[in-house]
Amino acid sequence: MAKQRPIVAFLYDFDKTLCTTDMQDYAFIPSLGMTPAEFWAVANGFGRANRIDGILAYMYTMIREAERKNLPFTREDLVEKGRSIVLFPGVQEWFRRINRFGAEQGVQVEHYIISSGLREIIEGSSISGEFKEIYASEFYYDEAGRPVWPKLAVNFTAKTQFVYRINKGVLDVSDDKTLNDSMPDDSKRVPFTNMVYMGDGLSDVPCMKMMRAYGGQAIAVYQESNRLGVEDLLAKGRVDYIFPADYSEGTALDLTVKNIIRKMAITDLLWEENTQQLRSIGGDVLPNQVGLF
């Protein structure tokens, strides 16, 4: 049986990381007859006034504003609105190019979304099929297709649980038992050292700090409007690298990511060589990652 290739996992935020603004801004908010500034002022104000988690507040505001204007609000309608998403340069071709490069280095590349946006809208985007799993906020719908309850709400700190899920290979969000069971380090599916998190700002800091603490890599991308904030993340040691949000072949982002993959592939090869030598003399094999729980 062929040996399983090491896995390198890329974990992405979505809004302002892969696309140019908040995903609701492209089609959903204009359908309400509101500007993005108006909608987010209402949603954030509602959350503060009622001490509601910000993600739950915007999800409730979406339902309430659609009802007030007698607009359709179904899963299918949200997916359709995702087709209006505008991606950064190079994103459309990024995944296949990085997968191909990883294969050339002897590793298997996987891509995941960890977003506080809506899964339904992401599914409508042209890149939704590139991801092994999409972790994002989502509604539960009744038999008539109406949203009646948050199925999943992914706030900024809650993003970190999905890093653990990817690490252990426990991807089903309803399976908390297996996620929290003790697992030997060498049986975890994706070592933290083989993870790269890509985001754009403060909402990504919890995941970025995890990457830096446990041997992975953290990258922040920026537009000119948020460049200063991203530079501050680098200055404070919260990310490893920052780049303009251009995923095209040959950019600094593209070249650095390929170097990271090379490094991870070489590290795995060296660990495997060390493991074989230790086993040949009856020594103890150390895990190729930092174990947490």
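When reading the values below, keep in mind they use all heavy atoms of this one structure, side chains included, and skip hydrogens, waters and symmetry mates.
- Looking at residues two or more places apart in sequence or on another chain, you find a side chain to side chain contact (heavy atoms under 4.5 Å, CB included) between N155 and D53, I55, T157, A158.
- Alongside V148, the hydrophobic cluster contains Y140, W149 (criterion: ILVMFWY side chains under 4.5 Å).
- Two residues are said to be in side-chain contact when any heavy atoms from C-beta on lie closer than 4.5 Å; T21 and P36 fail this criterion.
- The shortest distance between side-chain heavy atoms of F28 and L71 does not fall below 4.5 Å.
- One distance of note links OG of S125 with CZ of R83; it measures 9.0 Å at 0.5 Å rounding.
- Looking at M62 and L118, their side chains come closer than 4.5 Å, going by heavy atoms from C-beta outward.
- Rounded to the nearest 0.5 Å, atoms CD1 (I114) and OG (S203) are 11.5 Å apart.
- No donor-acceptor distance shorter than 3.5 angstrom exists from the side chain of S248 to the backbone of T251, with no hydrogens or angles considered.
- The pair K159-D13 meets the salt-bridge criterion, with a side-chain N (NZ, NE, NH1 or NH2) lying under 4.0 Å from an Asp/Glu carboxylate O.
- Using a 3.5 Å distance cut-off with no hydrogens or angles, the side chains of S126 and Q92 do pair a donor with an acceptor.
- By the 4.0 Å N-to-carboxylate-O rule, E120 lies too far from K81 to be salt-bridged with it.
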*Can you list the steps and then say if R227 with E224 is a salt bridge (charged side-chain N to carboxylate O under 4.0 Å, His left out)?*
CA-CA 5 Å; R227 178 171 183 161; E224 281 306 312; 3.4 Å; yes
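- Counting heavy atoms from C-beta outward, D246 and V221 have side chains that stay 4.5 Å or more apart.
- Note: T17 OG1 to M198 CE = 8.0 Å, rounded to the nearest 0.5 Å.
- Looking at Q223 and D200, their side chains never come closer than 4.5 Å, going by heavy atoms from C-beta outward.
- When side chains are defined from C-beta on, T20 counts as touching Y26, because their heavy atoms get closer than 4.5 Å.
- With 3.5 Å as the limit, one finds no donor-acceptor pair spanning the side chains of Y12 and E130.
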Which atom pairs, donor and acceptor, lie under 3.5 Å between side-chain atoms of residues 236-244 and protein residues at least two apart or in another chain?
| from | atom 1 | to | atom 2 | distance (Å) |
| --- | --- | --- | --- | --- |
| K236 | NZ | D232 | OD2 | 3.2 |
| D240 | OD1 | R212 | NH1 | 2.5 |
| D240 | OD2 | A218 | N | 2.8 |

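- No side-chain donor-acceptor contact under 3.5 Å links E133 and Y135.
- The two residues V91 and L18 have their closest heavy-atom pair at CG2-O, 3.7 Å.
- In plain terms, the two heavy atoms of V109 and G102 that are nearest each other are CG2-CA, 3.8 Å.
- Between the side chains of R96 and N99, not a single donor N or O lies within less than 3.5 Å of an accepting N or O.
- With rounding to the nearest 0.5 Å, the separation of CD1 in I127 from CD1 in I134 is 8.5 Å.
- A salt bridge links R68 and E65; the closest N-O separation between the charged side-chain nitrogens and carboxylate oxygens is under 4.0 Å.
- N44 places a side-chain N or O within donor-acceptor distance of the main-chain N or O of W40, the cut-off being under 3.5 Å.
- Side-chain contact between D25 and F39 is absent, with no heavy atoms from C-beta onward closer than 4.5 Å.
- When every heavy atom of R5 is checked against every heavy atom of V107, the shortest pair comes out as NH1-O, 3.6 Å.
- Side-chain contact between V42 and E38 is absent, with no heavy-atom pair separated by less than 4.5 Å.
- The minimum heavy-atom distance linking M195 with V190 is given by the pair CE-O, 3.7 Å.
- The two atoms that bring P6 and G106 nearest to each other are CD-O, 3.5 Å, heavy atoms only.
- Taking every heavy atom of both residues into account, S115 and V154 meet most closely at O-CB, 3.4 Å.
- Between Y247 and F88, the ring-plane angle classifies as parallel under the 30° and 60° cut-offs.
- Within the model, atoms CD1 of I121 and CZ of R75 stand 11.0 Å from one another, a figure rounded to the nearest 0.5 Å.
- Between F14 and F131, a ring centre-to-centre spacing not shorter than 6.0 Å is recorded.
- Annotation: F46 is in aromatic contact with Y60 [ring centroid separation under 6.0 Å].
- Interatomic distance, T160 OG1 to M208 CE, rounded to the nearest 0.5 Å: 14.0 Å.
- Checked options D176, T178, D172; the residue passing with R165 is D176 (criterion: side-chain hydrogen bond (donor to acceptor under 3.5 Å, both in side chains)).
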